[in-house]
Amino acid sequence: MAASAHGSVWGPLRLGIPGLCCRRPPLGLYARMRRLPGPEVSGRSVAAASGPGAWGTDHYCLELLRKRDYEGYLCSLLLPAESRSSVFALRAFNVELAQVKDSVSEKTIGLMRMQFWKKTVEDIYCDNPPHQPVAIELWKEKNLDDKAYRNIKELENYAENTQSSLLYLTLEILGIKDLHADHAASHIGKAQGIVTCLRATPYHGSRRKVFLPMDICMLHGVSQEDFLRRNQDKNVRDVIYDIASQAHLHLKHARSFHKTVPVKAFPAFLQTVSLEDFLKKIQRVDFDIFHPSLQQKNTLLPLYLYIQSWRKTY
């Protein structure tokens with residue numbers, strides 16, 4: 001499908017670095033990936049291994065991220081060495097929570113598992129405190145109702161409570177307490193939540209579920225059934241365009257703080273590379289959310305992430 005006029009509204013999305021070969025970067029992301037251990041791990045919970053030094057817990061977190069949050073895994077590799085293991089554990093915990101809804105068939109069971117994780121956090125603080133305080137706000141139980149967001153604001157609020165909270169904790173792990181960094185984290189987290197909702201649309205549709213904001217769907221006269229049928233009409237693509245544009249705006253807002261955010265905070269925001277990559281891809285396919293290319297991994301993503309880290313920007 002040819003690109004529509006949608007793309008002209010966004011303007012160019014910057015991804016890729018001119019003059020890359022002007023100097024040789026130091027040991028990078030691919031080398032770090034090769035050095036990391038990679039044993040196969042069963043699908044057991046993180047909580048199955050007890051004690052701060054239990055054998056296999058680090059491997060489990062790495063493998064869980066590599067399989068379930070590959071982009072977050074790559075970004076975490078580029079954090080300072082002294083903070084990396086804490087962020088791996090934090091993101092692995094987030095993945096465990098994210099899997100609750102998709103791994104249960106009844107809401108009651110899901111609520112029990114969420115309660116289990118709440119109790120787990122309490123136990124960590126009482127019996128085995130981590131090196132840095134982890135105070136993530138667990139997902140609201142109402143999310144287990146599987147209801148679509150009524151409007152884009154609800155989606156942004158959910159993203160703030162999950163993705164942005166994860167970034168706040170990452171900043172804390174890095175020892176950063178800065179208002180401008182917090183503002184950037186808020187916008188990046190919201191962009192991440194919106195993009196995640198878009199990327200998951202084909203998967204949710206296969207399960208007869210649609211979570212896209214209802215107000216935007218109604219604005220364009222699109223029903224949930226249109227997404228369940230994988231309708232590719234202009235009205236459906238207009239819905240995706242409006243939602244993706246909101247993620248694009250959040251990235252722009254986050255970057256407006258670039259000059260005032262401490263450089264030390266930039267590694268926490270490397271997720272902007274994968275977000276921008278997705279937004280560029282969806283723009284190229286004229287906002288066809290079901291286009292097969294959107295489900296393919298970008299094999300150059302590790303390189304783009306390393307370059308962004310090397311440039312000390314986000």
Side-chain angles (χ1 to χ4, degrees), residues 6-7 9-11 13-15 69-72 75 91 94-95 97-98 101-102 137 139-140 142-143 146-168 170 182-205 209-220 222 224 227 236-257 268-291 293-295 298 301 314:
H6 289 149
V9 179
W10 286 20
L13 284 169
R14 51 185 178 86
L15 187 65
D69 183 12
Y70 184 68
E71 292 165 0
C75 291
R91 284 192 172 275
N94 187 61
V95 169
L97 294 178
K101 185 173 67 177
D102 288 332
E137 180 178 350
W139 290 10
K140 305 300 183 182
K142 64 180 180 182
N143 182 58
D146 284 353
K147 294 179 180 178
Y149 300 102
R150 289 177 296 180
N151 49 55
I152 192 70
K153 185 65 176 177
E154 275 196 0
L155 174 54
E156 289 174 335
N157 288 341
Y158 178 74
E160 171 73 24
N161 290 331
T162 53
Q163 301 295 338
S164 298
S165 293
L166 199 60
L167 289 176
Y168 297 146
T170 303
D182 287 346
H183 284 323
S186 176
H187 286 294
I188 293 171
K190 289 174 181 176
Q192 175 74 63
I194 293 170
V195 167
T196 299
C197 184
L198 287 172
R199 294 177 72 168
T201 295
Y203 168 74
H204 289 147
K209 298 174 183 177
V210 179
F211 295 104
L212 299 175
M214 291 187 292
D215 63 335
I216 297 179
C217 293
M218 294 173 63
L219 178 66
H220 295 285
V222 174
Q224 290 192 352
F227 286 100
V236 173
R237 289 185 281 112
D238 285 344
V239 169
I240 301 303
Y241 168 74
D242 283 357
I243 298 172
S245 294
Q246 194 66 15
H248 179 64
L249 284 175
H250 280 299
L251 279 183
K252 289 183 65 176
H253 287 319
R255 285 168 172 157
S256 70
F257 298 101
F269 300 153
L270 285 171
Q271 201 75 13
T272 57
V273 176
S274 59
L275 297 179
E276 194 170 63
D277 180 52
F278 176 82
L279 292 174
K280 287 190 65 169
K281 287 196 296 186
I282 201 170
Q283 188 178 17
R284 284 197 294 267
V285 299
D286 197 21
F287 302 92
D288 175 11
I289 194 62
F290 301 107
H291 198 282
S293 66
L294 299 180
Q295 303 301 321
N298 183 351
L301 183 59
Y314 67 89

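All residue numbers in this chain count up from 1 along the given sequence. As a basis for the values below, the full set of heavy atoms in this structure was taken, side chains included, without hydrogen atoms, waters or symmetry mates. This structure is a prediction, so every number in the text was calculated from the model and none was measured.
In plain terms, the two heavy atoms of Tyr149 and Glu154 that are nearest each other are CA-OE1, 3.6 Å. Between Ala148 and Met214 the shortest heavy-atom distance is CB-CG, 3.9 Å. Closest heavy-atom contact between Leu279 and Ala244: CD2-O, 3.9 Å.
Here the straight-line distance linking atom CG of Leu275 with atom OH of Tyr314 works out to 13.0 Å at 0.5 Å rounding. Distance CD/Gln283 to CZ/Phe278: 12.0 Å, rounded to 0.5 Å. Note: Lys281 NZ to Phe287 CZ = 14.0 Å, rounded to the nearest 0.5 Å. Between atom CG of residue Asp277 and atom NZ of residue Lys280 there is a gap of 8.0 Å, rounded to the nearest 0.5 Å. Note: Asp69 CG to Gln271 CD = 6.5 Å, rounded to the nearest 0.5 Å. Atom NE2 of residue His183 and atom CZ of residue Phe257 lie 5.5 Å apart, to the nearest 0.5 angstrom.
Every residue was checked against the ring-ring contact (aromatic ring centres under 6.0 Å, His included) condition with Tyr168, not counting sequence neighbours, and none meets it. Residues forming a side chain to side chain contact (heavy atoms under 4.5 Å, CB included) with Asn157 (at least two apart in sequence, or on another chain): Lys153. Listed by chain and residue number, nothing satisfies the ring-ring contact (aromatic ring centres under 6.0 Å, His included) test with Phe227 (two or more places apart in sequence, or in another chain). For Thr201, there are no side-chain hydrogen bond (donor to acceptor under 3.5 Å, both in side chains) partners at least two apart in sequence or on another chain. Asp242 is linked by a salt bridge (charged side-chain N to carboxylate O under 4.0 Å, His left out) to nothing, counting only residues two or more places apart in sequence or in another chain.
Residues Ile243 and Cys197 are not in side-chain contact: their nearest non-hydrogen atoms beyond the backbone lie 4.5 Å or more apart. Contact annotation: the side chain of Gln295 approaches that of Pro202 to within less than 4.5 Å [non-hydrogen atoms, C-beta and beyond].
With respect to the salt-bridge test (charged N to carboxylate O, under 4.0 angstrom), the residues Asp215 and Arg150 do not qualify. The pair Asp286-Arg237 meets the salt-bridge criterion, with a side-chain N (NZ, NE, NH1 or NH2) lying under 4.0 Å from an Asp/Glu carboxylate O.
Using modelled atom types, no side-chain atom of Ser164 and backbone atom of Asn161 make a donor-acceptor pair closer than 3.5 Å.
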Under 3.5 Å, sequence neighbours excluded: what are the donor-acceptor pairs made by side chains of residues 184-191?
| unit_1 | atom_1 | unit_2 | atom_2 | d |
| --- | --- | --- | --- | --- |
| Ser186 | OG | Glu160 | OE1 | 2.8 |
| His187 | ND1 | His250 | ND1 | 3.0 |

Handout entry: Intermediate values then yes/no, side chain to side chain contact (heavy atoms under 4.5 Å, CB included), Leu167 and Gln163
Key = CA-CA 7 Å; Leu167 289 176; Gln163 301 295 338; 5.9 Å; no
Practice task
Start with the C-alpha gap between Val222 and Asp238, add the side-chain angles, then the distance that decides, and say whether side chain to side chain contact (heavy atoms under 4.5 Å, CB included) holds.
Solution key: CA-CA 9 Å; Val222 174; Asp238 285 344; over 6 Å; no
Practice task
Start with the C-alpha gap between Leu198 and Leu212, add the side-chain angles, then the distance that decides, and say whether side chain to side chain contact (heavy atoms under 4.5 Å, CB included) holds.
Solution key: CA-CA 8 Å; Leu198 287 172; Leu212 299 175; 4.1 Å; yes
Handout entry: side chain to side chain contact (heavy atoms under 4.5 Å, CB included) between Arg199 and Leu294, worked out
Key = CA-CA 8 Å; Arg199 294 177 72 168; Leu294 299 180; over 6 Å; no
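When each of Ile216, Ile282, Val285 is tested with Ile240 by the rule side chain to side chain contact (heavy atoms under 4.5 Å, CB included), just one qualifies, namely Ile282.
Gln246 and Glu156 form a side-chain donor-acceptor contact under 3.5 Å, judged by distance and modelled atom types alone.
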